[in-house]
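First the structure, in the form of structure tokens, and then the observations on it.
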There are 2 protein chains.
Amino acid sequence: MAPKRDNNNTRLDDAARAGWLYYIAGNTQDEIAAKLGVSRQSAQRMVSLAVTEGLVKVRLDHPIANCLDLASRLKAQFGLRFAEVVPTDPASSSTTLGVAEAGAEEMARWLKSSEPIVMAIGTGRTLKAAIEQLSPMECPQHKVVSLTGNIAPDGSAAFYNVIFNIADAIHARSFPMPLPVIASSPEERELLHTQAMIRPVLELAARADVTFLGIGDLGDDAPLYLDGFVSQAELKALQKAGSVGEILGWSFDSEGRMLEGLTNERVASAPIPSGGNALVIALAKGAKKQPAIAAAVKGRLVNGLITDEATAAALLKSER
Amino acid sequence: MAPKRDNNNTRLDDAARAGWLYYIAGNTQDEIAAKLGVSRQSAQRMVSLAVTEGLVKVRLDHPIANCLDLASRLKAQFGLRFAEVVPTDPASSSTTLGVAEAGAEEMARWLKSSEPIVMAIGTGRTLKAAIEQLSPMECPQHKVVSLTGNIAPDGSAAFYNVIFNIADAIHARSFPMPLPVIASSPEERELLHTQAMIRPVLELAARADVTFLGIGDLGDDAPLYLDGFVSQAELKALQKAGSVGEILGWSFDSEGRMLEGLTNERVASAPIPSGGNALVIALAKGAKKQPAIAAAVKGRLVNGLITDEATAAALLKSER
DNA sequence: TATCAGTATGAGCAATTGCTCACGAAACAA
DNA sequence: TTGTTTCGTGAGCAATTGCTCATACTGATA
């Protein structure tokens, strides 16, 4: 087989030479053909061969390149329909920097549509920050619907409810949920959900075209606990039951499976949309949230994600 | 300046994104235009910008047989410890094409080491071009030290001094030499070299692990003369004394022997490193430089060489 | 020797890309 | 404000590239 191999080698040599002249020296294929004494088509084939044989490696030296790469790997690995990765600023301690801006950008993209859409919104600091980045616009054709209540346990309006802010910013019809996040009992939850004011909202939420929500961790300083939606005892119980994160108050374990019982029996939020075409985009980044994000994407609780480089890299690594 | 910079940054970001979609994801410019919501022409411009800004790096992963062969013969014939030969583009008049890319690659290979190293750097157009090809990386553990001054005779910073560029690109500690290339007298040279700021740099240079430098010819349009470091009269005198080339300003004859007297008495650069394990790699190609390169390798002034096929072949032939 | 399968080659064509030019908006100076 | 300059943009066109198909070649076999 020696002659064959020689042939292949010189073939690849020529291909490499053609590829070099094309990509490094910037020749046209006509020039290459002339220099190597072959026809233009043969030169084209050589260049093409050099590419298909993987001889030619293209790299992009820009932070954004890495982001795009991570995004496409996230999509592939977790079956996401949407993924965006923003650069990480190692110096910043913000839990929303970048993600908020990118989230706002993506929201604006949807809202620019002249077709009426239903946009569902969760709560949380990240989402709040995203809404703040949203440029005001006139969108009377759209509807924004809250997926979760805005009533704190003490009866006040929860600070991180964002439905009013977004409605303000874009002048769309808004559908808030005048509910607590977590009811005092399963029965109360059922009762609340049958209310005349709530049912249409839940129905609207179920057919949202796109959903933006945050992901909360369930560490000792879980937002759900800090904001008073669960007691310390309840938090401990959730942790003990294996919960690593929550979305809209729904707790799930490290595989992204919803917990049975505990506070999940009493969560008054709408279910996380999961209809066929519905895009459910989570905005979240940070080491603390990473297990929660990993679980959410693994369990297909969301099919879209906006995060940062560091978190994206960690997600890919943890699941390899 | 903030808005300007922002603008530039987002411009480059967009360019990078377009470049990524084009070169990595294989989109056509029409598709990119659609995805980014711009016209086809703008997409084309972005891709083009990504290329001209050096965001896009193309590498060829195939040692062309002839180049390898030439490299190993160079090593054998001149006792080089390192030799790399890149293809020649006969039509190109560039004096750096290919050599710069290969040099950058070799530098990157050294810089990837987690062991702290000292890298010494010369000057010149070739080296400048090589640094431009170097991918940004984080190398706080390494030190880069300039072997030669960066002060032109008129007091300005010489354009082809590259120490700052490389330090920028790799975030290593840099040690420039705030000196002229050639002092006005031997006495001034001595004086300069005893300065507190210079001595440590010279000492560091002397123990560099690896050195990259260019080779200059001493024809009528010698870079040393073009850049104003020597007068025409001095150049003529050097030529008359048999000088065929210079490294860091040090002139040598066709056998690679350092000239006595003349400008060599006043060169303020560090000596060319020649310690036991130190690898001294010259980047140079081209017919004009060929006698200088031949002399440098014959006289063992360098023990590494990156050049192109045509020059390599000529070197081997001339010395057979 | 005739035939045939497999493969390389060149022509022609359609798609893609790069360039130039003219226009219009924003920035700037009078 | 008004004129000027610079910059970005889109249109149109020419060059370049990629693909398909018909043909020619190799060399293996009956």
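Just so we're on the same page: letters track the sequence lines, and every chain starts at 1. Computed from a predicted model, the values in this text were never measured in an experiment.
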Contacts of type salt bridge (charged side-chain N to carboxylate O under 4.0 Å, His left out), residue Asp220(B), not counting sequence neighbours: Lys236(B)
Please confirm whether the shortest side-chain N or O distance from Ser39(A) to OP1 or OP2 of dG10(C) is below 4.0 Å. yes
Any side-chain donor paired with an acceptor under 3.5 Å for Thr95(A) and Arg125(A)? no
B/S/- along nucleotides 14-26 of chain C (protein heavy atoms under 4.0 Å) is --SBB-B------
Tell me whether the side-chain N/O atoms of Ser42(A) come closer than 4.0 Å to OP1 or OP2 in dG10(C). yes
Check salt bridge (charged side-chain N to carboxylate O under 4.0 Å, His left out) between Glu309(A) and all other residues, then give those that pass, not counting sequence neighbours. none
For a side chain to side chain contact (heavy atoms under 4.5 Å, CB included) with Val86(B), tell me which candidate from Thr311(B), Val99(B), Ile64(B) qualifies. Val99(B)
Those residues that, when tested against Lys288(B), pass side chain to side chain contact (heavy atoms under 4.5 Å, CB included) (two or more places apart): Asp217(B), Asp221(B)
Just verifying a value: how many Å separate Met119(B) CE and Phe212(B) CZ, rounded to the nearest 0.5 Å? 4.5 Å
Is it the case that the side chain of Asp308(A) and the backbone of Lys285(A) share a donor-acceptor pair, with hydrogens and angles ignored and the cut-off at 3.5 Å? no
Angle separating the five-pair end axes of the helix from dT1(C)-dA30(D) to dA30(C)-dT1(D), nearest 10°, is 10°
Checking Lys75(A) now: which residues fulfil salt bridge (charged side-chain N to carboxylate O under 4.0 Å, His left out) with it, not counting sequence neighbours? none
Between atom CG in Leu49(B) and atom P in dT9(D), what is the gap in whole Å? 11 Å
